Amino acid sequence: MNDGDATEPRLPAVELHDPPRANLISLLVRAMLDDRLAHPKARTRAARLRGAVLLRASDMSTMLRFQPGRITVGEPRENAKVTASIRGDMSSLLHLTAGQLPIRELLAGKLTIFGDPIMLLRLLMILRREPKGDERRI
Amino acid sequence: MKDFLIERLGADNVLVDPEVLNAYSDDSTEADPATPSVVAFVTTVVEIQAIVKEAARLEVPLTARVAGTNVGGLTIPSDGGIVLDLSRMNRVISIEPDDMVAVIEPGVTQQGLKDHIARQDLPLTFGFSLAPPHTSVLANALLGGLTNRSLKYGDQSEWISGLEAVRGDGSLLRTGSWALSDVPFARMPFPDLTGLFAGWQGTTGIVTKMAFRLWPKHPIERRYLLLCYDLPGVYAAMRKLCRAEICDDIGGLSWPSAKMMLGVPRPDPNLQAGEPHFFLYLDLTAETAAEMDAKLDVVKRTIRAVEGAGSRFEPPIEVDTLVHAIPQLSMFSEFPMDLEFLTQPPGAGLTWVGTYGPMSRVTEAARAVEAIMIRHDTPPLIVSRAMRGGHFVVLRMITTFDKSDPADVERVKSLNQSLLDEVTHRGFVMYKSPVWAWHRMAPQIDPGMRRLMGELKVLLDPAAIFNPGKLGL
């Protein structure tokens, strides 16, 4: 996963736990991270992040653990320590990561957040892609 | 025959190198390979007529092909036969915008026709199969394949408004209105002789031109995904949306498809806790934003009605949003698609049992085939699509496998046989049926139809040179 450029921050490796049994939300998050971490800014941000974020989309959960040199993605262990968490339906979470600010979702109760808000904001900065002008939602 | 072909076509257009012949001997499926003695590239109808006459005289089998991606072994030739490669016959001969018909040669690909229409800036489109861009439009139509316009207009063979074909004696005929009119506008009102070539897997002649229907292209096009958590909900939504007559396409992919697209080539066969079961995709088109909004409103009301009956869906997700969030899924956003997770799987094996069947029985059939696939330790990858206004439905069970592993090949053979038996028993019929499937279905097929098929084969191909063995002919 490292690109070999010594001037850029070391790319944290994204490790997916047990790929054949990984749930859909874990795979989606892994795909997002792989995409976003191709960009130096996101790499820098991810390399500095520490902690565990629980993402719950409908009835599926995944845990992102930011550790030195690696990010692991996989279903959370029972009683795992969580720095922050986001819950919502798939659509709201996708819109969130597609770059839309989640204010409307938060107000409507479609998204709920717990824990360290700074951690969540930093994660959002990594995952966000700015929307194209013609993107819509229903 | 080789000398004849070289003399007629030139040495550059006749391949005899064993390594090259080997490439034409097989496809992605578990079907047994067979090596031709020669591969000939043709570019004119006159060349095809001459080759057919000579092959009939010498009784040498001929198999016509373009991309060979039918996933049924249908272009695997006879041992020692000739492969007639039609990929260089790739002209879009004409498009009549007011009649919405294109006349195309066999080698015209999905991408080629799309580009041609775009270059002419015509407000027209056609239906795309899920096959890669380099595959033949004509071949898919002749084989009755499905496309993203099949909900509105039926399987692609219904879009053929006329054909030009070479019979087994080398003679040429045209079918449909084209037999009299210079505009191939319809198959009727003459007897529908197009049916002597459509659905016959190349066993009755070589189709050299096809009049092919195009459809209006609307300025607003959107695709939505509906994640559904139960099979009855999937098909209830499909049926209700069909009757609302607002969608251009309603299809569905079962959960393993998403995992395979996201880089897990062989997911565990069991659905993980909390995961959606099926992804319905809806294609909507409109002339105006107001029309699109009205259609979306109907979609939402329909889904709410199905949810009211106890099913569960996620709110609709526009595919553009999904692709923006996860660019890896861009393969799903535009036709023609190159679904590499299927076309280039590890182990290079791809096979399916693809069937058309009654909408009334699809929920139970899907449940049954899913259970069979799980029993065979296979991710239950199922494609479904409402066809022809919802009068029938596609149920296709797809498996990837390792062609180099004999045990894996046996696994898929056993699996496919079980799947075919299960769906046939439920009234579903396999399309693009491979040789093994035809023989398995044959005892249950009406004997009168089979007898007439045999008689028509003799009439059209007395020397039995066209793609022998397919359809039991």
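Proteins get letters first, then strands, A, B, ... in listed order; numbering begins at 1 in each. Worth saying up front: this structure is predicted, and the values here are computed from it rather than measured.
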J.: Considering residues, nucleotides and ligands other than A:Met125, do more than 12 of their heavy atoms fall under 6.0 Å from its CE?
T.: no

J.: Count the heavy atoms of every other residue, nucleotide or ligand shown that sit under 6.0 Å from CZ of A:Arg50, and state whether that count exceeds 12.
T.: yes

J.: Taking atom CZ of B:Arg243 as the centre, does the number of heavy atoms from other residues, nucleotides or ligands within less than 6.0 Å exceed 12?
T.: no

J.: Look only at the side chain of B:Gln328 and the backbone of A:Ala31, and say whether a donor-acceptor pair between them is shorter than 3.5 Å.
T.: no

J.: With only heavy atoms counted, which part of B:Leu227 is less than 4.5 Å from chain A, the side chain, the backbone, both or neither?
T.: side chain

J.: Counting heavy atoms not belonging to A:Arg122, are there more than 12 under 6.0 Å from its CZ?
T.: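 No - once you tally the heavy atoms of other residues, nucleotides and ligands closer than 6.0 Å, there are 12 at most.
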
J.: Quick one: are A:Asp59 and B:Arg312 in side-chain contact, heavy atoms under 4.5 Å?
T.: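 Yes, close enough: below the 4.5 Å cut-off.
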
J.: Counting only heavy atoms not in B:Lys403 (residues, nucleotides, ligands), do more than 12 fall under 6.0 Å from its NZ?
T.: yes

J.: Give me the atom names and distance for the closest heavy-atom approach of B:Pro327 to A:Arg36.
T.: CD-NH1, 4.0 Å

J.: Select all residues of residues 76-88 of chain A having any heavy atom within less than 4.5 Å of some heavy atom of chain B, and report them by number, or 'none'.
T.: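 Against chain B, none of the residues of residues 76-88 of chain A fall inside the cut-off of heavy atoms under 4.5 Å.
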
J.: Please identify which of these residues, B:Ile317, B:Leu225, B:Thr321, meets the side-chain contact (heavy atoms from CB on, under 4.5 Å) condition with A:Ser91.
T.: B:Ile317

J.: Counting only non-hydrogen atoms closer than 4.5 Å, can you tell me which residues of residues 15-29 of chain A sit against chain B?
T.: A:Pro19, A:Pro20, A:Arg21, A:Ala22, A:Asn23, A:Leu24, A:Leu27, A:Leu28

J.: Please report the shortest heavy-atom distance between A:Arg129 and B:Val323, naming the atom on each side.
T.: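 Shortest heavy-atom separation between A:Arg129 and B:Val323 comes out as NH1-O, 4.1 Å.
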
J.: For B:Glu275, is it the side chain, the backbone, both or neither that has a heavy atom under 4.5 Å from a heavy atom of chain A?
T.: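 The answer is both parts of B:Glu275.
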
J.: About how many Å separate CD of B:Gln272 and OG of A:Ser61, when rounded to the nearest 0.5 Å?
T.: 12.5 Å

J.: Would you check if B:Pro276 and A:Met90 make a side-chain contact, meaning some heavy-atom pair closer than 4.5 Å?
T.: no

J.: Counting heavy atoms not belonging to B:Glu287, are there more than 12 under 6.0 Å from its CD?
T.: yes

J.: Find out whether A:Leu94 and B:Leu322 are in side-chain contact, i.e. whether some heavy atom of one side chain is under 4.5 Å from a heavy atom of the other.
T.: yes

